[in-house]
Protein chains: 2
Amino acid sequence: MTPEITVLDRLLEVSELFQKDVARAFDGTPLTTARVRVLWDLVAAGPSTQHALAERLEVSARNITGLVDALEAGGYVTRTPHPTDRRAIIVSLAASARQMMQQMQADHAALSADLLGAVAPADRDALVRGIEAIAGRLRELVAAEGEASPRP
Amino acid sequence: MTPEITVLDRLLEVSELFQKDVARAFDGTPLTTARVRVLWDLVAAGPSTQHALAERLEVSARNITGLVDALEAGGYVTRTPHPTDRRAIIVSLAASARQMMQQMQADHAALSADLLGAVAPADRDALVRGIEAIAGRLRELVAAEGEASPRP
DNA sequence: CATATTAGTGATGATAGTACATTGTTACCT
DNA sequence: AGGTAACAATGTACTATCATCACTAATATG
């Protein structure tokens, strides 16, 4: 019943509801969490080799091959040869996928505005600062944990 | 750059970090997201028939059989006959699992306190109210969506 | 030329989910 | 009662995803 527990519980609930919402958005498409991760990475990092994807997403190259296979089959990404390294392949977002991701971001912005609208105006600034602080602290903690037990 | 986008982005980041943290906690155990969902449900609802579990978690009864099989093999739950209905089976948390879940809740509480400690004291009340409001609004939205397209 | 790198293949395994059929049990209805 | 329908759990079978390792083919690099 302490406010501390309530805060975390609410955050967890929010996180769960988000997840459910995202999952529902991709219902009926061949998109899954792992595949969307690839798409987001491409949005953030731009066209990349599969090796680069594997490193950033921290999965095996073999796994990336499979994920890109599925995304390519669905028309979400294209494979083009690397201009100078003939071993490598560049994975790029297809135009439609880029549009979809933009739409998704727009939806997120709309949802964000909606959610913020539910907050009392006087509380908004403090809320934003507070979430920022929590995110920062959490980032710190995760980073520290990662250091404590580095991957072998 | 608008604050609205920032809020949602931070919330998503927080939710992702949480997920990562939880996943890491279960590394090396046979526990997975789906199985832990069962455990949480048992914590919340107490000993239940598999049918009840299936309904609350919204998966097929057959699926529950498999999840409970794995949890039982790992010693997390026990199956006992239903006292009056000989068709049914009661799934209960094993003592060790109950303890583990309590520990997890304690860890959550500690983490919550830590995170709240990172927030400026003057912002805390507003933050709590704000998150509460956001969670409420989000719950509303998800419920409305569920109504709009009821399962067939 | 020797070695490291990039991608792809094949094989394998664990998980999560489904549908369908089966078995035993309960509940209801005549 | 007795018959029938609904129900709980499970066996079988299947699909899809995500992940790994081991290996091959091409290409870069020093």
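So that the names make sense, note that chain A is the first sequence line, chain B the second, and so on, each numbered from 1. Excluded from the calculations below are hydrogen atoms, water molecules and symmetry mates; all remaining heavy atoms, backbone and side chain alike, are included.
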Apply side chain to side chain contact (heavy atoms under 4.5 Å, CB included) to A/Asp123 and list each qualifying residue two or more places apart in sequence or on a separate chain. A/Val119, A/Ala120, B/Ala126, B/Arg129
Any salt bridge (charged side-chain N to carboxylate O under 4.0 Å, His left out) involving residues 86-97 of chain B? Give me the pairs, sequence neighbours left out, ordered by first then second residue. B/Asp85-B/Arg87
Is the shortest side-chain heavy-atom distance between B/Tyr76 and B/Thr29 below 4.5 Å? yes
Tell me whether A/Gln99 at atom CD has more than 12 heavy atoms from other residues, nucleotides or ligands lying less than 6.0 Å away. no
Listing time: all N or O pairs from protein to nucleotides 25-27 of chain C that are below 3.5 Å?
unit_1	atom_1	unit_2	atom_2	d
C/dT26	OP1	B/Arg86	N	2.9

Ignoring the backbone of B/Gln50, work out which of D/dC18, C/dA16, D/dA9 is nearest its side chain. D/dA9
Please enumerate all residues that pass side chain to side chain donor-acceptor pair (under 3.5 Å) together with B/His51, with sequence neighbours excluded. none
Nearest-0.5 Å distance, CD of residue A/Glu72 to CG of residue A/Leu67: 12.5 Å
d(CZ, A/Arg56; P, C/dT6) in whole Å: 13 Å
Here the pair of heavy atoms bringing A/Thr65 nearest to A/Arg79 is O-NH2, 3.5 Å
With sequence neighbours excluded, tell me which residues meet side chain to side chain contact (heavy atoms under 4.5 Å, CB included) with B/Ala61. B/Ala54
Applying side chain to side chain donor-acceptor pair (under 3.5 Å), name anything that partners A/Arg124, two or more places apart in sequence or on another chain. none
Using OP1 and OP2 only, check whether a side-chain N or O of B/Ser60 sits under 4.0 Å from C/dT18. yes
If you check the A/Ile89 side chain, which of D/dC18, C/dG8, D/dA9 turns out closest? C/dG8
Axis deviation across the helix from C/dC1-D/dG30 to C/dT30-D/dA1, five-pair ends, to the nearest 10°: 10°
Are B/Val77 and B/Ile90 connected, step by step, through hydrophobic side chains (Ile, Leu, Val, Met, Phe, Trp, Tyr) whose heavy atoms are closer than 4.5 Å? no
Expected list for residues 26-47 of chain B near DNA chain D, using heavy atoms below 4.0 Å, is none
Look at the side-chain heavy atoms of Ile, Leu, Val, Met, Phe, Trp and Tyr, link any pair under 4.5 Å apart, and say whether A/Val38 and A/Met100 land in one connected group. yes
If Ile, Leu, Val, Met, Phe, Trp and Tyr residues are connected whenever their side-chain heavy atoms lie under 4.5 Å apart, and connections chain through other members, are A/Met101 and A/Leu53 in the same group? yes
Please list, chain by chain and in numerical order, all residues satisfying side chain to side chain contact (heavy atoms under 4.5 Å, CB included) with B/Arg98, sequence neighbours excluded. B/Leu93, B/Gln102
Applying side chain to side chain donor-acceptor pair (under 3.5 Å), can you list everything that pairs with B/Asp125, at least two apart in sequence or on another chain? none
Distances for protein N/O vs nucleotides 12-15 of chain D N/O pairs under 3.5 angstrom?
unit_1	atom_1	unit_2	atom_2	d
D/dT12	O4	B/Arg62	NE	3.1

Let's see if you get this right: which residues in residues 64-72 of chain B place a heavy atom under 4.0 Å from DNA chain D? B/Thr65
So do A/Ile89 and A/Val68 actually touch side chain to side chain, heavy atoms under 4.5 Å? no
Any side-chain N or O of B/Asn63 under 4.0 Å from OP1/OP2 of C/dA16? no
